[in-house]
Peer 1: 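Encoded as structure tokens, here's the structure I'll be asking about.
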Amino acid sequence: MAYELTEQKKIGLGLLGFGLCFTFLGVVLFFDRGLLALGNIFWLTGVALLLGFRSTWNLITSKANIKGSASFLLGLFFLFVRWPIVGIILEIYGCLVLFGRFWPSVKAFLYEVPMLGWIIRFLF
């Protein structure tokens with residue numbers, strides 16, 4: 001496998017999973033601000049641990065990704081000032097802009113996961 005999982009990256013994947021679960025629960029439970037905020041904290045920490053702190057900082061502050069970073073941070077702001085629907089929409093857009101280049105790598109990684117790779121190949 002081309003991508004080695006160190007202990008730090010395993011913790012990052014776990015935090016990323018917790019972040020997505022808390023965000024999903026926050027949306028399902030009528031945009032609960034507490035769950036959404038906790039999901040954002042876990043998600044951001046998981047991304048930083050998975051990519052590395054310097055790579056995450058370079059990703060967020062690069063000129064090519066400034067639109068996605070501004071959208072994500074504005075979404076966080078709206079989440080904290082009690083406009084969770086607008087905040088989530090802006091955060092999703094920001095994530096798509098920031099991480100849009102990684103989809104081919106993610107797809108290749110998911111093909112290598114034993115059971116999940118077979119399901120993805122079967123469906124698509």
Side-chain angles (χ1 to χ4, degrees):
M1 202 163 138
Y3 189 75
E4 182 182 340
L5 285 177
T6 62
E7 292 300 317
Q8 180 178 346
K9 290 180 182 181
K10 287 179 186 177
I11 293 170
L13 278 174
L15 287 173
L16 198 64
F18 277 129
L20 292 175
C21 287
F22 276 101
T23 302
F24 176 74
L25 283 173
V27 170
V28 169
L29 296 173
F30 303 112
F31 292 96
D32 182 43
R33 283 184 44 229
L35 288 173
L36 290 173
L38 198 57
N40 280 327
I41 291 169
F42 281 146
W43 188 84
L44 287 172
T45 308
V47 167
L49 286 175
L50 188 63
L51 295 178
F53 294 109
R54 184 168 304 275
S55 296
T56 303
W57 181 255
N58 290 339
L59 176 74
I60 291 172
T61 59
S62 72
K63 288 194 180 238
N65 294 334
I66 197 72
K67 193 163 120 178
S69 299
S71 174
F72 187 79
L73 292 175
L74 191 62
L76 277 175
F77 173 75
F78 278 124
L79 180 72
F80 289 131
V81 295
R82 298 180 188 254
W83 287 17
I85 296 172
V86 175
I88 288 294
I89 291 170
L90 285 171
E91 284 181 4
I92 290 171
Y93 174 73
C95 286
L96 288 175
V97 171
L98 279 174
F99 299 107
R101 297 178 301 168
F102 293 114
W103 288 118
S105 299
V106 170
K107 183 179 171 184
F109 174 75
L110 290 177
Y111 279 156
E112 298 299 322
V113 175
M115 194 64 165
L116 186 63
W118 180 80
I119 293 170
I120 292 172
R121 284 189 185 122
F122 180 72
L123 292 176
F124 301 107

Peer 1: If you group Ile, Leu, Val, Met, Phe, Trp and Tyr by side-chain heavy-atom gaps below 4.5 Å, do L38 and L25 land in one group?
Peer 2: yes

Peer 1: For the residue pair F99 and F102, categorise the inter-ring angle as parallel (less than 30°), tilted (30 to 60°) or perpendicular (more than 60°).
Peer 2: tilted

Peer 1: With respect to F72, which candidate in W43, Y93, F78 satisfies the ring-ring contact (aromatic ring centres under 6.0 Å, His included) definition?
Peer 2: W43

Peer 1: Determine whether a donor-acceptor pair (N or O, by modelled atom type, separation under 3.5 Å) exists between the side chain of S71 and the backbone of K67.
Peer 2: no

Peer 1: Can you confirm whether more than 12 heavy atoms, excluding those of F77, are under 6.0 Å from its CZ atom?
Peer 2: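 No, because the 6.0 Å sphere around CZ of F77 holds 12 heavy atoms or fewer from other groups.
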
Peer 1: Mind listing the closest non-hydrogen atom pair of R33 and L79 along with its distance?
Peer 2: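 Heavy-atom minimum between the residues: NE-O, 3.5 Å.
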
Peer 1: Shared ILVMFWY cluster between L51 and L20, side chains joined below 4.5 angstrom?
Peer 2: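 Per the 4.5 Å side-chain linkage, L51 and L20 are co-clustered.
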
Peer 1: To the nearest 0.5 Å, tell me how far L110 CG sits from W103 CH2.
Peer 2: 9.0 Å

Peer 1: Let me check something: do F22 and V28 share a hydrophobic cluster, defined by ILVMFWY side-chain heavy atoms less than 4.5 Å apart, either directly or through other members?
Peer 2: no

Peer 1: Decide side chain to side chain contact (heavy atoms under 4.5 Å, CB included) for T61 and S69; before the verdict, give the C-alpha distance in whole Å, the side-chain angles of both, and the deciding distance to 0.1 Å.
Peer 2: CA-CA 8 Å; T61 59; S69 299; over 6 Å; no

Peer 1: Using the rule that Ile, Leu, Val, Met, Phe, Trp and Tyr join whenever any side-chain heavy atoms are under 4.5 Å apart, tell me whether W83 and I89 fall into a single cluster.
Peer 2: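 Shared cluster, no.
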
Peer 1: Let me confirm one number: the CG-CZ distance from L116 to F109, rounded to the nearest 0.5 Å.
Peer 2: 9.5 Å

Peer 1: When I88 is tested against each of V86, I85, L90, I92 for side-chain contact (heavy atoms from CB on, under 4.5 Å), which residue passes?
Peer 2: I92

Peer 1: Tell me the closest heavy-atom pair linking L35 and D32, and the distance in Å.
Peer 2: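 The pair with the smallest heavy-atom distance is CG-OD2, 3.3 Å.
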
Peer 1: Rounded to the nearest 0.5 Å, how far apart are OH of Y111 and CD1 of I119?
Peer 2: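 With rounding to 0.5 Å, OH (Y111) is 13.0 Å from CD1 (I119).
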
Peer 1: Answer yes or no: is there a side-chain heavy-atom contact under 4.5 Å between L36 and T23?
Peer 2: yes

Peer 1: To the nearest 0.5 Å, what is the distance between CG on L98 and CD on E91?
Peer 2: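 Here the rounded value is 11.0 Å.
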
Peer 1: Honestly curious: do V47 and W57 fall in one hydrophobic cluster under the side-chain, below-4.5 Å linking rule?
Peer 2: no

Peer 1: So, taking the atom named CG in L44 and the one named OG1 in T56, what distance separates them when rounded to the nearest 0.5 Å?
Peer 2: 9.5 Å

Peer 1: Of the options L5, L49, L15, which is the one that meets K10 in a side-chain contact (heavy atoms from CB on, under 4.5 Å)?
Peer 2: L5

Peer 1: Working to the nearest 0.5 Å, report the span between CG of N58 and CG of N65.
Peer 2: 10.5 Å

Peer 1: For R54, look at atom CZ and say whether over 12 heavy atoms of other residues, nucleotides or ligands are found less than 6.0 Å away.
Peer 2: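 Result for CZ/R54: open.
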
